[in-house]
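Only one structure is covered here, and it is reproduced in the block below.
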Amino acid sequence: MLKIEKLNFSYGDLKVLWDIDLEVKQGEIVTVVGSNGAGKSTTLKNISRLVKPDSGTLTFNGTDLTKLESHEVVAQGIVQVPEGRKIFPEMTVLENLRMGSYLKSTRGDREANVDRVFGLFPRLKERAKQLGGTMSGGEQQMLAIARGLMTNPKLLLLDEPSLGLAPLLVKFIFEIITEINKQGVTILLVEQNVFQSLRIAHRAYVLETGRVVLSGTGEALLNDEHVKKAFLGM
Amino acid sequence: MTIFLQSLISGILIGGVYALIGIGLTIIFGVMRVINFAHGDIMMIGMYLTYNFFSLAGVDPFVSIALTIPLMFLFGAILQKTFINRVLGALPQNQILLTIGLGLIMSNTMMFIYTSDYKILTTSYSSSSFNIGTISISWPLAISFLITAAITLLLYWFLMKTDTGQAIRATAQDREAAQLMGINVKRMSILAFGMGAALAGTAGALISPTYYIFPQIGSTFTLKAFVITVLGGMGSIVGATIGGVIIGVAESLGAVYISSGWKDVVVFVLFLLVLLFKPAGLLGKSKM
Amino acid sequence: MAILEIKHVSKFFGGLAANSDVSFSMEEGMIMGLIGPNGAGKTTLFNCITGYYPPSRGDVIFDGRKLNGMEPDKVCKLGMVRTWQKVRPLAKLSVLDNVMVGALCRTGSLKVAREIAHEQLKVVGLDNKSNFLAGGLPIGERKKLEVARVLATQPKMLLLDEVMGGLNPAESEEIIQLILDIKERGGITQMVIEHDMKAIMRISERIVVLNSGEKLAEGTPEEIVNNQAVVEAYLGSEH
Amino acid sequence: MRQINALITNTRGASPVSIILGVVILAGLFLFPKAVESPYALHIMILFFLSTIMGESWNIVGGYTGQYSVGHAAYFGAGAYTTMVLMQFKQIPPWYGMIAGIAVALVVSLIIGSICFRLRGPYFVLASIAVAEIMRLCAMNLKDLTNGAEGILATDIPPFTLGGTVITDFLSKVPFYYIGLVIAILTIAVTYLVQHSKLGYYFQAIREDQDAAHSLGINLSIYKNIALAISAVFTSLAGSFYAIYIGFIDPPTVLALDISVQIVLICIIGGIGTIWGPVVGSLVLVPLSEALRSNLIAQGIFKIGLASEESGVGIFLKDHLAHAHALIYGILVVVVILFMPDGVLGYVKKLTKKKAM
Amino acid sequence: ANVKIGVINSMTGPEAPIGENLTNGIKLAQEDLKKKGINADLVWEDDTGKPQIAMSAMEKLATRDGVAGVVGPYTSACSNAVSKLAERYKVPLLVPAAAKEEITRQGLKWVYRLNAPADQYAASLIDAATGLGKPKTIAFIYENTDFGTSTVKTAKEYVAKKGIQVVADEPYSKGSPDYRSTLTKVKAKNPDLVFMVSYVADAILLMRQSREIGLKPQAFLGGGAGFTTVQFANEKQISNYVLSCTQWTDDVNWPGAADFAKRYKAKFGKEPTYHAACAYEAMMIMAQTAAAANGDREKTRAGLKAGKWNGIMGEVKFEDYAGFTNQNNHQMLVQQILNGKYETVYPAKFATKKAVYPFPGWK
Ligand SMILES: Nc1ncnc2c1ncn2[C@@H]1O[C@H](COP(=O)(O)OP(=O)(O)OP(=O)(O)O)[C@@H](O)[C@H]1O
Ligand SMILES: Nc1ncnc2c1ncn2[C@@H]1O[C@H](COP(=O)(O)OP(=O)(O)OP(=O)(O)O)[C@@H](O)[C@H]1O
Ligand SMILES: CC(C)C[C@H](N)C(=O)O
Ligand SMILES: [Mg+2]
Ligand SMILES: [Mg+2]
């Protein structure tokens, strides 16, 4: 479904991605793990076209993503829930969600989707009129995920969705991810919660200083000695 | 009492036109976070357009806004696309200077074309008025007030209730997030600047029958627009409307009860007071 | 003597009580864990303590002085300093300069400040990046930078707001070690907000649990994990 | 490399080459009036010093502290008016007037600071404009003090005496040249000292993130006010110097928004937040606007024979270029902002870096 | 003969609208000089309305370009700054239109002024008004610029002498779109005379709004500038019967005035203002004098001092009187707009029509 080949990228003259190859197949949950600064978020930004690669190809269902602008990528069905939440601070929770279904194709499902995400995150329903910017860190994270779900994505890119969430919610988030995956949404997940995310992943990649150093099934990586040592602290 | 009412009313009416200038600036600021120092100059271009429609083709200024709005929208859109879009990520003072530079280019180009003569647009109703009791009300101002009110309402509805309007606001608050929602942020910026320019141009058109036109007229109105927007709360349309009227009235009453020389001081002091006690402006949401 | 006493602190945002009647105290040198569901009021409490918001009600007493509404810079001068949940690097300054700004809180000499800064960068393991622009650091390193910067102010008390968020377990381990080392060396009292229970359990001597702005429980880590109310509101059955 | 370059803004220590170069330039500047007689050249140099002083002082509050004041005319005007009022109406020599001007500017800066620094970002920018406008309007309306719109005309500058001996009588441009040079050097030196001290670090911390700075023990209002005060002192000196040199001031020439904008422009064209930025900015702007204004471009074109003076093109150039300079100026501003966002200095740095690689 | 003359003028910036008239006048003068066999090589300097720039210009003209004399600058502020330099460099400076009295009151030997200074504006108008009726009270509305303030200042002194009482004193800042409240306030005082000093745009605005609110004194007096433009006269509804003073009119019987107006209009497509006439005549005088002196500055200065001209500005002679030095004691004229046309009504020896007084009311 999504295929990345030989992706290279630099911030100014600091090169951060080196020949990344990565593939996500229809219906999969693919997890990317890696230490700080490995380039995980940068990879997602390249997919969403928030930044433009130096070289390499990115295709989605046969479409060349490098020819598209960010918003056109979204129209293809690739939606990212970004690191750092990026809530619209001066819009209410409800307005934030509404922007989630900005695409014409999703406007029809707006009501239903709002009900659905309110069902998932009752706190958001309680605070429907609160301004996004005044929500607590975790509440904003919920809102960001909920907003992403409003988009009816084909491929959902999640950048550290459990960041700053309470344990109960972290567990819940991973349940939701599996759940929506079952409903047919393909998922590319970047997580620091290596254990949980590898557990639910079909396949996974390990990034280190901008290079793919390891890939395989989630299970295989969970048992990999290197992974255990570097990420699980075991 | 007559004096009070007379100046109150003329203050409110002229405040309507101010409001329109302020709203344009507020939209541009709201979306691009750019303080547009060329706002008055854009208004000046609108005035020249109106003047030309009138003197070359005999189109009534109030009618000509039907032409001015789209043309000025286009003008703003082009400005945005070719210049402003390139500095959106830049430091604020660079943006300020870019708009100052653009303003200089606009006023001096107009000076090249039209020389720096004052142009006066005299319509049959330029100095006509009607009376309510002892108070005289200028026809052209009254008409432009009504047009302003209509435009403001329409705009408010657009930004608050339509998806495109909301997308413009979303772009204002977080461009990257807006992109991730599938919003074409470049288009939104172009739309916003276009609207801002159209509003400034309209204000120019509306004020033309009772005012005068010359290439350097912009700066007075740029300053005024700043005061209005900050007073009302930057980014708030209702705020800018209220701000415009307040400034109009303050000028008017200040001139009568203090003196014409000090009336601008009244306006600026009012401005500072509001900033001090309500830093985000009358209707702005204070941020933490 | 208690170094920090929180007495009946409440903070209202409009009708919403982000903190209501929270009281607890901390002994010098200890590590206190502050946990609770999202939106429980943890960050708000930090803000009330360090002067970003004056508490609507109640008192914050630090080192025998009442802080209510004291400006953050004065609070810092008194020896209490916080990190930000959403990190705030001084983006266009180098990593070293960022930490020096912290160090200058106690000294007027750039030379001394530079030494302190180098030292603290070593402590958090960022010394190899001291010439990088802070704005270009990835999130994990920014968190470390936050810690180095507050350490450089030579505080008596640290308030750490989710400094392990966004770090993988191995990296969190480094920070845990760091926090424990600070305690070891003595002289610095720490209050830590964290959602990572494993970490919290390891480092805290006592834990305060907030829920909907109220204090739900306080006790040793063992007491907390066995507290039924806490399990229901926050931890979930697994723990 | 990237990191090293990032640090150039915080140069520590100077290389021997640059020290020698500096000494040579300095010596050249001090000997200049001896070698060059042309009062016109001196005048341009004086304008250059003036511009450097103004840019350098704005840089402290705008470039380092990140408080983009567009109201520096307030301090410029404070200096100019204090000096002139004292000199003209109270017969107090300008030497003391300058000092009084500094005092007034300090008071003004404290008032402005206490009002405006509660605001951030664009609100601060606009508030700073507003305060300067209030000053202008006051100068306009307080006729008894300032002579209102009619302005103040200096009849005579009393000679500057120290202990009975006349140091200078201000009849030629040379004393002005040296006064300007000394103030300019002083301003640069102060900027250097600020940058290499705790103040510099604190200012930059405030620029980058006020809340973070606050939490690290930086008293925002004190340090912002210090930055503004330093800036105001030197801007006021520039104003006093201007007033004495020109001999006439009125509200539109010393208190207008125009001046504030000009001051910001100097820094941005040169390179903001660096010691040499304002110098470079002045070096570019002063001669450039002079050349544009007096139509040296058209003359140059005629001289190298690109067009003859009598031809249609020639007549067009002669007639219009003099009018067009403001237009060209605007275009230049736009071009610089678009293509050299870090100013000339930043651009040169980028070019040399590219070559080095 | 060839002669090099400097021109300092506000060609851009806020003063440009009036500066342009001067430019045009000088250009016409250049043509006419050519006809007289004088090839005036003009060095144009734009002062952008700023004194320090005007000084740059003067420095350059005096020391680099070696001009025989300088005509300009337009504004009082710039002329002031430049006059001292003229004295220092010993370059004859002929100020064509700046009104500030001090310019020729400092005893400067090298500085000459063609136009009548600010005090004359008021004196001529008040004389005309008191000659026509018996006004007791007066209201002042004026732009708070140097020109406006200094004109009204001398006017106030003058009316005090004539026993007229000032009932309103309203300086305004140029360019505001709404003067209604100020005018309402003035109307409440019911003054016999309303004296305004404004440039053309504000003049029209003020009169329009006066009509709107029904202000009706015995006479509207316009202090030169905007009130003496054809543009103003064309606004018949509001401009009729306004009395205004001016340095020059196109119907005055000074030699060449009418012809100048005609040729000016043909060349530039608009009516000349008195600024244009002043600048034209200043350039004619300067160039001819300098040509006669072969470009020698000292001789040019002496020529100006000694000379006597009679052109479109009437008789010109630079004299020392009443504290002035090298000041042309120019006769200001008072005109009234009658049926959209300016008619000179005062002083009697130049009058073409009898004035209508008092103001008959709005149509
Ligand atoms: N805006 C930027 N400018 C310069 N360098 C950047 C920028 N953003 C990221 N980098 C650099 O790019 C590299 C990769 O960053 P990225 O954010 O992709 O890492 P990550 O794997 O997502 O890390 P984390 O787990 O901390 O989120 C890092 O070394 C970082 O320093
Ligand atoms: N300025 C504000 N205006 C209105 N409500 C606010 C404001 N700041 C915080 N709140 C609300 O107060 C509550 C407590 O917020 P706080 O940030 O303290 O939570 P937290 O415990 O730190 O949560 P998290 O773990 O998600 O960071 C939240 O519900 C939040 O929405
Ligand atoms: C408006 C004018 C007539 C100005 C006047 N000539 C002056 O001295 O500035
Ligand atoms: Mg990341
Ligand atoms: Mg929090």
Side-chain angles (χ1 to χ4, degrees), chain B residues 2-11 13-15 17-18 104 107-108 111 115-120 122 124 126-131 134-141 207 209-217 219-221 224 248-249 251-257 259-264, chain E residues 10-21 23-24 49 141-144 149 168-188 199-205 207-214 226 229 231-232 234-238 268-270 273 362:
Chain B
T2 310
I3 298 187
F4 176 77
L5 283 179
Q6 175 72 53
S7 40
L8 186 69
I9 295 221
S10 50
L13 292 182
I14 204 83
V17 181
Y18 288 174
L104 271 179
S107 58
N108 285 294
M111 194 164 133
T115 74
S116 46
D117 272 356
Y118 296 94
K119 305 269 189 246
I120 303 235
T122 308
S124 54
S126 273
S127 60
S128 66
S129 58
F130 59 94
N131 279 31
T134 49
I135 298 155
S136 89
I137 294 173
S138 149
W139 267 116
L141 276 190
I207 207 173
T210 50
Y211 198 50
Y212 51 86
I213 308 164
F214 65 103
Q216 289 91 350
I217 199 165
S219 53
T220 331
F221 285 95
K224 230 162 233 164
V249 171
E251 277 185 3
S252 196
L253 293 182
V256 172
Y257 293 104
S259 89
S260 315
W262 287 102
K263 75 171 188 195
D264 293 325
Chain E
S10 304
M11 300 190 236
T12 61
E15 309 297 339
I18 310 179
E20 192 166 303
N21 297 306
T23 306
N24 290 344
I141 305 172
Y142 53 103
E143 56 174 50
N144 59 352
T149 350
D169 179 14
E170 298 288 337
Y172 66 83
S173 50
K174 240 164 138 159
S176 35
D178 185 26
Y179 301 113
R180 291 174 186 84
S181 34
T182 306
L183 290 165
T184 314
K185 190 173 162 191
V186 168
K187 185 184 169 192
Y199 199 64
V200 62
D202 285 317
I204 294 179
L205 228 54
M207 291 306 293
R208 268 187 190 167
Q209 295 179 7
S210 297
R211 173 173 184 254
E212 236 179 65
I213 65 156
T229 57
Q231 216 174 347
F232 180 73
N234 282 344
E235 302 279 316
K236 280 184 214 162
Q237 272 190 335
I238 54 162
F268 302 108
K270 55 189 162 198
T273 63
W362 299 102

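First the proteins, then the strands, lettered A, B, ... as listed; each starts at 1. Just so we're clear, the structure is a prediction, and the values are computed from it rather than from any experiment.
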Scored by heavy-atom pairs under 4.5 Å with chain B, the best of L183(E), D178(E), T182(E), I213(E) is D178(E)
Most heavy-atom pairs under 4.5 Å with chain B, out of Q209(E), R211(E), M207(E), belong to R211(E)
Original post:
Are any of the side-chain heavy atoms of S181(E) and V256(B) separated by less than 4.5 Å?
Top reply: yes
**Asked** Do I120(B) and R208(E) come close enough that some side-chain heavy atom pair is under 4.5 Å?
**Response** yes
Restricting to non-hydrogen atoms, name the atom on [X] and the atom on [Y] that form the minimum distance, rounded to 0.1 Å.
| X | Y | answer |
| --- | --- | --- |
| M111(B) | M11(E) | CE-O, 2.9 Å |
| E212(E) | S136(B) | O-OG, 3.2 Å |
| K185(E) | S259(B) | NZ-CA, 4.2 Å |
| Y118(B) | A201(E) | CD2-CB, 3.5 Å |
| K119(B) | Q231(E) | CA-NE2, 4.1 Å |

The single option from S129(B), S252(B), S138(B) that satisfies side chain to side chain contact (heavy atoms under 4.5 Å, CB included) with R180(E) is S138(B)
Does any heavy atom of chain E fall under 4.5 Å from the side chain of [X], the backbone, both, or neither of them?
| X | result |
| --- | --- |
| I14(B) | side chain |
| S219(B) | neither |
| I9(B) | neither |
| F214(B) | side chain |

Cut-off 4.5 Å, heavy atoms of chain B, and the answer for K187(E) is neither
Under 4.5 Å to a heavy atom of chain B? For D202(E) that would be both
Output for pair (Y199(E) OH, Y212(B) OH), nearest 0.5 Å, gives 11.5 Å
The reported gap from OG in S260(B) to OH in Y142(E) (rounded to nearest 0.5 angstrom) is 9.0 Å
Worksheet item: More than 12 heavy atoms of other residues, nucleotides or ligands under 6.0 Å from CH2 of W139(B): is that the case?
Response: no
Counting heavy-atom pairs under 4.5 Å with chain E, the top scorer among S128(B), S10(B), P215(B), G11(B) is S10(B)
